[in-house]
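So you know, we letter chains A, B, ... as the sequences are listed, proteins then strands, and number each from 1.
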4 protein chains.
Amino acid sequence: MVDGKEMPPIGQRTSRKQRPKPRTKPSEVRRSELLDAAARLFIAQGVEETTVEEITLAAGVAKGTFYLYFASKPEIVIALRERFIEGFRARIRTALDSCGQEDWPERLNAWVASAVGAYLDGYELHDVVFHDYRPHFRQMKGENIVVTDLAMMLTAGARAAAWKLDDPRLTAIVLFQGLHGAVDDAIANDEKDGDRLSAHLSELFLRMLGTNRQAG
Amino acid sequence: MVDGKEMPPIGQRTSRKQRPKPRTKPSEVRRSELLDAAARLFIAQGVEETTVEEITLAAGVAKGTFYLYFASKPEIVIALRERFIEGFRARIRTALDSCGQEDWPERLNAWVASAVGAYLDGYELHDVVFHDYRPHFRQMKGENIVVTDLAMMLTAGARAAAWKLDDPRLTAIVLFQGLHGAVDDAIANDEKDGDRLSAHLSELFLRMLGTNRQAG
Amino acid sequence: MVDGKEMPPIGQRTSRKQRPKPRTKPSEVRRSELLDAAARLFIAQGVEETTVEEITLAAGVAKGTFYLYFASKPEIVIALRERFIEGFRARIRTALDSCGQEDWPERLNAWVASAVGAYLDGYELHDVVFHDYRPHFRQMKGENIVVTDLAMMLTAGARAAAWKLDDPRLTAIVLFQGLHGAVDDAIANDEKDGDRLSAHLSELFLRMLGTNRQAG
Amino acid sequence: MVDGKEMPPIGQRTSRKQRPKPRTKPSEVRRSELLDAAARLFIAQGVEETTVEEITLAAGVAKGTFYLYFASKPEIVIALRERFIEGFRARIRTALDSCGQEDWPERLNAWVASAVGAYLDGYELHDVVFHDYRPHFRQMKGENIVVTDLAMMLTAGARAAAWKLDDPRLTAIVLFQGLHGAVDDAIANDEKDGDRLSAHLSELFLRMLGTNRQAG
DNA sequence: AATGAATGAGAATTCATTCAT
DNA sequence: CATGAATGAATTCTCATTCAT
């Protein structure tokens with residue numbers, strides 16, 4: 001997920017032949033199995049309530065092996081967070097890729113629908129991996145990559161005169177957090193119909209953008 | 001520790017029934033001192049990192065006394081949360097009370113400005129008291145009272161034809177969470193100028209509502 | 001042992017009556033029971049091999065109670081060391097007190113005999129409490145109080161012309177460490193006859209001091 | 001890690017029987033490199049604090065290689081101890097070899113001076129390798145070879161009527177441990193002038209032996 | 001001979017909570 | 001009301017050692 005696809009285990013020198021023959025398991029497979037086991041347990045029981053030993057048991061390795069792949073328990077939460085974010089972005093990217101490049105309202109609809117869908121599907125893991133995430137401790141603009149992605153799209157749409165836009169980042173934040181809150185509410189109220197919610201949100205957002213429907 | 005100085009006359013101890021005379025300290029005061037001490041320590045060190053003993057030390061009482069006022073440590077976090085929410089609502093209410101009853105755009109501006117101000121002032125405590133708050137575990141609609149308040153205001157404005165409104169709750173959520181996220185971002189970027197932010201947000205929100213400025 | 005005899009528990013304010021009525025056990029009794037239990041177990045199994053839980057079990061308290069009296073496991077070793085040293089010195093002091101004040105050879109004999117006796121009796125505990133003691137990390141002259149005591153005695157004897165003495169501290173060190181090594185050797189060879197050893201050592205030492213037997 | 005440069009010609013790998021040709025490194029060299037690395041790390045960080053992996057890293061071999069040369073971690077401490085003792089004895093032997101064979105006071109002076117010098121130079125390693133050494137667990141007389149060497153020298157001197165001697169071993173122990181303690185004290189007080197100390201000790205020891213200066 | 005991934009036992013310490021006084 | 005001594009559950013992480021390659 002994070003460290004490429006077919007890379008040899010970390011710390012392995014580029015040995016004499018090709019890839020160093022996998023020991024018991026190739027490093028990323030092991031790592032991935034640990035991440036999967038952790039995600040499952042964290043969702044089911046919570047992070048605090050899950051011991052490292054439970055994770056390794058579920059992954060079929062010894063306790064010490066955990067620490068060959070992650071420096072500490074918090075570290076695996078961070079790794080899961082990165083995996084989550086990448087999955088989230090990929091889903092949005094895929095949705096946008098099947099839109100007309102210049103149909104900006106459609107692109108916004110696609111963004112909303114895919115984000116709602118991704119969040120509805122993954123909110124349990126989301127809660128786990130973002131529980132300890134402190135936005136205020138993050139200094140740099142653009143820390144939230146999803147917001148940054150969106151701001152870029154909004155800017156592109158504005159450049160194409162699809163809508164007006166004073167402050168792309170602020171607008172992107174309002175869209176993202178608004179959507180986030182709306183989905184949270186839907187989940188809390190057990191309304192898992194993402195399509196209806198997406199439609200409503202899109203309309204709201206397009207209106208906020210003062211969308212020029214002729215421009216698309 | 002060095003108490004005993006502000007105790008009521010010894011003679012009064014015998015009268016059980018009279019008025020609920022103050023003890024060493026009136027119960028409300030003690031409770032409040034504990035809440036204050038806890039808030040201070042939680043902000044400075046975090047909740048987990050603060051022990052009940054530290055709280056009682058800071059409040060000048062013995063460890064056991066804590067449990068006369070709060071059933072458990074998590075309980076005092078909940079109490080702080082409630083205090084925080086009430087302060088937040090009060091600040092918004094005050095702001096709205098100095099607006100024209102029927103000037104809806106002004107009312108929305110006032111809501112935005114006061115919410116931004118309250119959050120900027122209290123975000124440290126906010127982070128503490130909401131860290132363990134899980135929206136998805138809350139079942140009931142309207143759990144977030146601030147959102148509910150706002151939805152009611154939006155509905156009233158719509159009834160007065162100040163703006164259009166399809167889904168008051170959804171709109172309220174987007175406004176609230178959007179504002180929330182925008183302030184988080186401002187804090188993270190160390191831009192504590194609430195006025196500029198409020199102005200931007202208000203404009204965005206009024207546009208989203210399709211505000212009819214004639215209607216105000 | 002260390003904190004006086006009848007003092008109230010640490011942290012206890014000098015309460016309204018006399019001594020604060022002992023809770024379950026007076027503080028020094030508890031402390032002493034923990035020290036005794038630890039000494040027994042450390043001798044039998046070694047320090048590393050003894051868990052804090054074993055100590056508390058043997059002392060009849062809960063695990064946490066240990067940390068009410070000692071900051072850490074190494075800390076109780078230090079406390080035992082202090083207790084050991086005090087016992088050692090007391091034994092020597094008692095022996096010297098029953099000597100003629102001015103009979104210096106007799107005083108030296110008494111010092112040797114009591115030190116040999118104390119060490120033979122307590123070498124097991126000695127090994128435990130001095131295992132981690134690093135002489136080189138100690139800066140100040142006179143860190144070893146037993147050596148310092150002895151140097152003072154040697155100086156007094158020299159002043160009375162009982163013997164010659166160039167360097168009291170150096171001489172004291174040689175006597176103390178020489179005796180120490182001699183007893184170690186006796187123990188290793190299972191020769192526990194302290195009297196014979198003492199006699200030999202005394203003779204050696206008196207000769208080293210160039211003792212003037214007329215002076216006594 | 002970046003090995004392979006000093007390997008023997010590949011062709012030789014096939015010859016199994018020939019002479020025990022050097023492998024990557026001759027076994028003695030490897031062993032010595034491991035000992036050196038361990039000594040350096042043990043002195044700098046302590047034995048407990050040094051991991052086997054750190055030793056192998058410092059020696060430029062893989063973790064498993066350690067166990068081809070030493071059965072366990074404690075074992076390498078023992079090996080270092082033996083190396084230390086041999087160096088110590090060699091230094092003394094060299095010093096004695098440049099003395100008149102029959103000048104016994106000079107020989108004693110030489111013994112003291114070389115022992116003081118060797119200990120001052122090597123006390124850091126000494127502390128490491130003797131930390132876990134328990135004299136009382138050693139059964140056999142003469143376990144401490146340096147003491148035994150000394151006792152033999154003292155006996156020879158006595159036979160030559162250079163001094164009187166009742167109990168050679170006891171005397172040797174007192175000299176050795178006395179010197180040991182004196183150097184410890186000098187180190188603790190940061191007085192690294194071995195010559196002055198040696199002179200004082202020699203005088204003390206010669207007096208203890210009742211040296212007959214005519215006899216030398 | 002050399003490697004290094006995998007193993008898994010093992011214990012100190014914290015701190016929320018109780019309850020006898 | 002107030003106190004504070006006593007309780008004891010609960011879990012991370014290290015690292016010596018092994019062994020398949």
Side-chain angles (χ1 to χ4, degrees), chain A residues 9 11-13 15 20-27 30 48-54 56 61-74, chain B residues 1 3-4 7 13 22-25 27 30 48-56 61-74, chain C residues 9 11-13 15 20-27 30 48-54 56 61-74, chain D residues 1 3 7-8 13 22-25 27 30 48-56 61-74:
Chain A
Q12 206 87 23
R13 67 197 136 112
S15 69
K21 256 176 262 125
R23 314 265 153 189
T24 307
K25 285 275 182 75
S27 161
R30 267 285 138 81
E48 292 296 308
E49 293 70 21
T50 301
T51 68
V52 169
E53 188 159 27
E54 285 175 307
T56 55
V61 294
K63 207 186 324 184
T65 302
F66 179 92
Y67 293 91
L68 255 26
Y69 292 90
F70 304 98
S72 67
K73 194 179 162 191
Chain B
M1 283 291 126
D3 52 14
M7 286 178 62
R13 288 193 101 214
R23 304 100 190 152
T24 309
K25 286 276 183 69
S27 150
R30 269 282 139 83
E48 291 295 308
E49 293 71 21
T50 300
T51 68
V52 169
E53 187 160 30
E54 283 176 307
I55 297 170
T56 55
V61 295
K63 204 178 342 179
T65 303
F66 180 93
Y67 291 90
L68 298 174
Y69 292 91
F70 303 97
S72 69
K73 194 180 166 192
Chain C
Q12 206 85 25
R13 65 196 138 116
S15 70
K21 255 175 263 128
R23 316 264 153 190
T24 307
K25 286 274 182 73
S27 161
R30 268 285 138 80
E48 292 295 309
E49 292 71 21
T50 301
T51 68
V52 169
E53 188 160 29
E54 284 175 307
T56 56
V61 295
K63 206 180 332 181
T65 302
F66 179 92
Y67 292 90
L68 256 25
Y69 293 90
F70 304 98
S72 66
K73 195 180 163 192
Chain D
M1 284 296 123
D3 53 16
M7 287 178 63
R13 290 192 98 214
R23 303 102 191 150
T24 307
K25 287 274 182 72
S27 151
R30 267 284 140 83
E48 291 295 309
E49 293 72 20
T50 300
T51 68
V52 169
E53 186 160 30
E54 284 176 307
I55 298 171
T56 55
V61 294
K63 206 184 331 185
T65 303
F66 180 91
Y67 291 91
L68 298 175
Y69 292 91
F70 304 98
S72 68
K73 194 181 167 192

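With sequence neighbours excluded, the residues forming a ring pair (Phe, Tyr, Trp, His ring centres under 6.0 Å) with D/Phe70 are D/Phe66, listed by chain and number. Not counting sequence neighbours, A/Thr65 has no partner by the side-chain hydrogen bond (donor to acceptor under 3.5 Å, both in side chains) test. For B/Glu53, the side-chain contact (heavy atoms from CB on, under 4.5 Å) partners two or more places apart in sequence, or in a different chain, are B/Thr51, B/Thr56, B/Lys63.
One can place NZ of A/Lys25 at 18 Å from C1' of F/dT21, the figure rounded to the nearest angstrom. Atoms CD1 (D/Ile55) and P (E/dT3) sit 15 Å apart, rounded to a whole Å. In this entry the distance linking CD of C/Glu54 with P of E/dG10 reads 12 Å, nearest Å.
Distances shorter than 4.0 Å separate none of the side-chain N or O atoms of B/Arg30 from OP1 or OP2 on F/dC1. The phosphate of E/dA1 has neither OP1 nor OP2 within less than 4.0 Å of any side-chain N or O from D/Tyr69.
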Which letters describe nucleotides 10-15 of chain F, given B = protein heavy atom under 4.0 Å from base, S = only from sugar-phosphate, - = neither? B-SBBS
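Here the shortest heavy-atom pairing between B/Glu48 and B/Lys73 reads O-NZ, 3.8 Å.
When base pairs are accepted only as Watson-Crick or G-U wobble with both N-N or N-O distances under 3.5 Å, DNA chain E takes part in stems of 3 or more pairs at E:2-21 with F:2-21.
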